[in-house]
Amino acid sequence: MKVVIISASPRKNANTQIMMKHALEYAKTKNADTHFINLSEGLLECYRGPEEEYNEYTKKAAADLTDADVWLIGTPIYNSFFSSALKNLFEYVNYKKTEGKVAGIAIMAAGNIGFIDVQTLVTQLLSYFRVIANPKAVFLTTEDVADNAVSTDGAKQRLNELVDETLELASKIQS
């Protein structure tokens, strides 16, 4: 099974990136074919249309996403919405090639507000791509991050469960 983990924050030192790197390290212990798309690296180009030529990083990110069986998506909440960097990444994906994939969602926010709204928006985006969303999203706040790591045991456990349950759901669907 191919797994892609997406950190959808464009910020260089993003808490979302820290959250998703935890998910990445845990997912690698469960599945060797796991890749990381880190949108804070600034290498993914802005989508300009299907006829344009894009850099190698952009092509690889789009191919990794299209080829993966499982997506684990981490996004911050910006202005009551998921990040525009995530929306830009999905511009490269052909919805005709994603049906039946499975995704898990992790959302990072400064406080306990807006989680359900953003979960709904990401789930709607996944629905357009015919991707099955794990209904149990993970919601973390900046209080769950310290010293460049996920710092609370509860947050670590919830992220690990997201990985486990999303992989389990994907294996059941692919059977």
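Position 1 is the first residue of the sequence, and the numbers go up from there.
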### Query
F82 versus I73: any side-chain heavy-atom pair under 4.5 Å?
no
### Query
If you count the non-hydrogen atoms of other residues, nucleotides and ligands that lie under 6.0 Å from CD in E143, is the total more than 12?
no
### Query
So, do N31 and D33 sit near enough that their side-chain heavy atoms are less than 4.5 Å apart?
yes
### Task
Using a 4.5 Å cut-off on heavy atoms from C-beta on, say whether the side chain of V150 contacts that of L159.
yes
#### Entry: Residue pair L167 / V3, side-chain heavy-atom distance below 4.5 Å
yes
### Task
Report yes or no: do F36 and V4 belong to one cluster of Ile/Leu/Val/Met/Phe/Trp/Tyr joined by side chain heavy-atom distances under 4.5 Å?
no
### Shortest non-hydrogen separation from I107 to Q119 and the atoms involved
CD1-N, 3.5 Å
### Task
Identify the two heavy atoms, one from A103 and one from T166, that lie closest to each other, and give their separation to 0.1 Å.
C-CG2, 3.8 Å
### Message
Hydrophobic cluster membership, with links at side-chain heavy-atom distances under 4.5 Å among I/L/V/M/F/W/Y: are F115 and V122 in one?
### Response
yes
### Query
Can a salt bridge be assigned to the pair E161 and K156 using a cut-off of 4.0 Å between side-chain N and carboxylate O?
no
### Query
Do the side chains of D164 and Y26 get nearer than 4.5 Å, heavy atoms only?
yes
### Message
Quick check: closest heavy atoms across M1 and D69, and the distance to 0.1 Å?
### Response
CA-OD2, 3.4 Å
### Query
Within the distance-only criterion (no hydrogens, no angle test), does the side chain of D67 pair as donor or acceptor with the backbone N or O of D64 below 3.5 angstrom?
no
### Message
Hydrophobic clustering (ILVMFWY, side-chain heavy atoms < 4.5 Å, transitive) - are L140 and V163 grouped together?
### Response
yes
### Query
Side chains of H22 and N160: closer than 4.5 Å at any heavy-atom pair?
yes
## Note on the structure
Nearest heavy-atom contact between Y128 and Y95 is OH-CD2, 3.6 Å
### Query
With ring centroids as reference points, do Y92 and Y54 lie under 6.0 angstrom apart?
yes
### R11, CZ: over 12 other non-hydrogen atoms inside 6.0 angstrom
no
### Task
Check the hydrophobic clustering (I, L, V, M, F, W, Y; side-chain heavy atoms under 4.5 Å; chains of links allowed) and say if L72 and L169 are grouped together.
no
### Task
Please determine if R48 and E45 form a salt bridge, counting it only when a charged side-chain N lies under 4.0 Å from a carboxylate O.
yes
### Message
Around atom NZ of K97, are there more than 12 heavy atoms from other residues, nucleotides or ligands closer than 6.0 Å?
### Response
no
#### Entry: Atom of L39, atom of A8 and distance for their closest heavy-atom approach
CD1-CA, 3.7 Å
### Task
Taking the side chain as every heavy atom from C-beta outward, state whether S40 and Q17 have any pair of such atoms under 4.5 Å apart.
yes
#### Entry: Cluster overlap L44 with I5, hydrophobic side-chain contacts below 4.5 Å
no
## Note on the structure
Rounded to the nearest 0.5 angstrom, the CZ-CD distance for R158 and E165 is 12.5 Å
### Query
Which distance, rounded to the nearest 0.5 Å, do you find between the NE2 of H35 and the NZ of K2?
6.5 Å
### Task
Identify the two heavy atoms, one from N38 and one from Y57, that lie closest to each other, and give their separation to 0.1 Å.
O-OH, 3.3 Å
### Message
Between T141 and A110 (side chain of the first, backbone of the second, donor and acceptor by atom type, cut-off under 3.5 Å), is there such a pair?
### Response
no
### Task
Count the heavy atoms of every other residue, nucleotide or ligand shown that sit under 6.0 Å from CG of N13, and state whether that count exceeds 12.
no
### Flag for Y47-T58: side-chain donor and acceptor within less than 3.5 Å
no
### Query
Distance-only, no hydrogens or angles: does the K101 side chain make a donor-acceptor pair with backbone N or O of W71 under 3.5 Å?
no
## Note on the structure
Output for pair (S9 OG, I77 CD1), nearest 0.5 Å, gives 12.5 Å
### Heavy-atom side-chain contact between V102 and I173 under 4.5 Å
yes
### Query
Would you call K172 and E168 a salt bridge, using N to O less than 4.0 angstrom?
yes
